[in-house]
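First listed ligand is number 1; within each ligand, the first listed atom is number 1. Scope of the values below: all heavy atoms of this structure, side chains included, with no hydrogens, waters or symmetry mates.
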Amino acid sequence: MDRRANLVTMLPDAPDYPLRLTIDSAALVANWRALDRLSGSAVAAAAVKADAYGLGARRVVPLLHDAGCQTFYVAHWAEAAELADLVPPESLVVLHGPMDGRDAAFAQASGIKPVINSLHQARLWLEAGGGSCDLMVDTGMNRIGIAMGDLGDPLIARLAIDTLHSHLASADEQSPLNEVQRKRWLDARGQIAHRRAALANSAGIALGAGYHGDITRPGLALYGGVPAAGLAGHICQVAIPQARLIQCRSLQAGDTVGYNATFTAQGPLEIGVVSLGYADGFLRCWSGLGAMHAGGATLPVLGRVSMDMTAIDLTAAPHLAEGDWVSVEYSLPEASAISGLSQYELLTSLGRRFQR
Ligand SMILES: *Cc1c(COP(=O)(O)O)cnc(C)c1O
């Protein structure tokens with residue numbers, strides 16, 4: 001036998017990473033229910049692309065499905081395949097649609113539903129056998145979706161369209177573009193046979209009933225993001241990054257901390273070094289900003305964030321010792337205001353070393 005394989009089989013289970021992303025399942029479900037309620041006569045679906053924005057789609061999808069969510073949006077076929085054993089195939093919808101015949105054949109064989117975004121995709125889908133699909137119409141974002149001018153194409157008339165979608169570019173702002181897009185979406189609805197219509201992401205839900213259609217597509221707000229003032233008070237924090245202390249040390253006045261010595265102690269100071277760094281998505285923009293928590297104590301970040309480590313001030317929790325866990329202050333609206341990162345980036349940049 002290969003000696004290396006032999007050695008691997010003799011090893012005990014490896015210790016866990018000293019990083020975990022704690023998910024509050026009740027808060028996740030409560031957020032979906034709140035968004036479903038705020039969607040009025042429309043039903044809320046769930047955007048679970050990018051591994052449910054980094055929270056872990058295999059965990060999130062069954063929780064929301066049990067709560068009553070019937071439709072889950074991913075970007076890629078590979079993402080849908082990873083969820084296919086958890087929910088009925090027709091409840092999984094691939095936003096990017098088929099890029100080639102292989103994607104279309106996979107959709108046909110699996111029953112996972114494509115969103116058709118172009119005449120090319122319409123042709124691929126019909127050549128593969130057709131059947132129920134969604135259609136994305138571009139109403140002004142110029143990202144993906146069929147152009148308004150192509151709606152009259154005979155290929156589109158041959159599609160069996162379940163949900164006619166469009167997507168808002170500026171739902172999180174008071175922008176005249178919202179109303180322009182909504183009018184074009186209504187125009188498209190008048191031109192194309194469809195069973196249901198959808199326009200709103202999380203922020204779009206807060207724009208009111210005219211934007212709701214039959215189904216809404218929240219993502220960020222499910223996971224604790226507040227992209228529009230109208231959602232504040234309805235949405236709870238879901239994800240809390242936590243990490244363990246590798247070391248505690250005592251500084252004297254004049255001692256500095258970390259790369260480039262950007263923090264200098266003004267007097268005696270107890271500090272801790274947390275096993276979390278920019279390789280985990282706790283980016284360098286947090287250097288000298290933000291805080292961690294232990295119990296009720298607030299522990300400010302000191303100096304530069306390193307690749308695998310971040311120093312914190314332990315003054316408020318002097319009892320903490322090596323191996324203890326601390327929680328990162330990561331309420332998304334506040335964390336975004338402090339760090340300058342978007343609420344979306346704060347979630348999706350959290351790395352693979354977190355146990356989810
Ligand atoms: C990602 C996505 C959503 C969810 O958007 P949030 O702003 O996270 O609520 C909705 N619709 C489409 C087409 C998307 O790509």
Side-chain angles (χ1 to χ4, degrees), residues 28 31-36 38-39 42-55 57 60-61 64 69-77 79-80 83 92-97 113-118 121 133-146 161-173 175 177-178 181-182 184-185 188 196-207 211-232 234-239 332-333 336 341-350:
L28 173 74
N31 289 345
W32 180 78
R33 292 214 164 99
L35 292 161
D36 189 51
L38 292 166
S39 297
V43 295
V48 297
K49 62 202 183 191
D51 203 21
Y53 292 37
L55 273 65
V60 163
V61 165
L64 295 183
C69 182
Q70 304 271 10
T71 306
F72 299 91
Y73 298 103
V74 293
H76 303 288
W77 294 99
E79 291 181 324
L83 303 170
L92 294 169
V93 183
V94 176
L95 290 164
H96 290 193
K113 195 146 54 101
V115 178
I116 300 302
N117 291 283
S118 65
Q121 292 197 346
C133 64
D134 286 2
L135 183 74
M136 174 68 74
V137 182
D138 186 86
T139 53
M141 190 169 183
N142 286 305
R143 200 176 57 173
I144 58 172
I146 190 154
I161 298 167
D162 175 357
T163 306
L164 191 155
H165 297 271
S166 193
H167 188 55
L168 297 166
S170 303
D172 58 349
E173 304 180 276
S175 163
L177 186 55
N178 291 326
Q181 289 197 266
R182 191 180 76 87
R184 289 181 184 151
W185 171 70
R196 301 182 292 179
L199 179 62
N201 60 354
S202 301
I205 292 171
L207 292 175
Y211 288 79
H212 292 166
D214 304 302
I215 182 163
T216 59
R217 304 183 306 257
L220 182 73
L222 293 171
Y223 312 118
V226 183
L231 299 180
H234 297 282
I235 298 300
C236 319
Q237 184 171 359
V238 173
L332 294 174
S336 172
L341 296 173
S342 78
Q343 297 179 61
Y344 298 85
E345 292 166 304
L346 284 167
L347 288 181
T348 57
S349 59
L350 294 175

With the threshold set at under 4.0 angstrom, would you say Arg143 reaches ligand 1 through any of its heavy atoms? yes

Looking only at heavy atoms, is any part of Tyr73 under 4.0 Å from ligand 1, and if so is it the side chain, the backbone, or both, or is it neither? neither

Output all residues satisfying side-chain hydrogen bond (donor to acceptor under 3.5 Å, both in side chains) with Gln181, sequence neighbours left out; order by chain, then residue number. Thr139

Output yes when the distance from some N or O of ligand 1 to some N or O of Ala221 is under 3.5 Å, and no in every other case. no

Could you point out which residue of His96, His165, His167 forms a ring-ring contact (aromatic ring centres under 6.0 Å, His included) with Tyr73? His165

Within a distance under 4.0 Å of any heavy atom of Pro218, pick out the atoms of ligand 1 and give their elements. 9 (O)

For Leu35, is there any backbone N or O sitting under 3.5 Å from a side-chain donor or acceptor partner on Ser39? yes

Residue and atom name of the nearest protein heavy atom (relative to atom 5 (O) of ligand 1), distance in Å to one decimal: Asn201 CB, 3.4 Å

Without hydrogens or angle criteria, can the side chains of Gln121 and Ser118 be said to hold a donor-acceptor pair below 3.5 Å? no

Numbered atoms of ligand 1 (with element) below 4.0 Å of Ala47, judged on heavy atoms: 4 (C)

When you measure from atom 9 (O) of ligand 1 to every protein heavy atom, which one gives the shortest distance, and what is it? Ser202 OG, 2.5 Å

What protein heavy atom lies closest to atom 7 (O) of ligand 1? Include the residue and the distance to one decimal. Tyr344 OH, 2.5 Å

Which residue and heavy atom of the protein sit nearest atom 8 (O) of ligand 1, plus the separation: Tyr53 OH, 2.5 Å

Tell me the contacting part of Arg217 for ligand 1: side chain, backbone, both, or neither, using a 4.0 Å heavy-atom threshold, strictly below. both

Closest protein heavy atom to atom 14 (C) of ligand 1, given as residue, atom name and distance to 0.1 Å: Lys49 NZ, 2.9 Å

How long is the straight-line distance from CG of Asp51 back to CG of Leu55, given to the nearest 0.5 Å? 8.5 Å

Kindly indicate whether the side chain of Val238, heavy atoms from C-beta on, has any atom under 4.5 Å from the side chain of Leu222. no

Report, in ascending order of atom number, the atoms of ligand 1 lying under 4.0 Å from any heavy atom of Gly219. 4 (C), 6 (P), 8 (O), 9 (O)

Nearest-0.5 Å distance that lies between atom CD1 in Ile146 and atom CD1 in Ile116: 9.0 Å

Can we say Lys113 and Asp134 salt-bridge, meaning some charged N sits less than 4.0 Å from an Asp/Glu carboxylate O? yes

Any nitrogen or oxygen of Leu220, main chain or side chain, under 3.5 Å from a nitrogen or oxygen of ligand 1? yes

Spatial distance of atom CG (Leu95) from atom CD1 (Ile144) [nearest 0.5 Å]: 6.5 Å

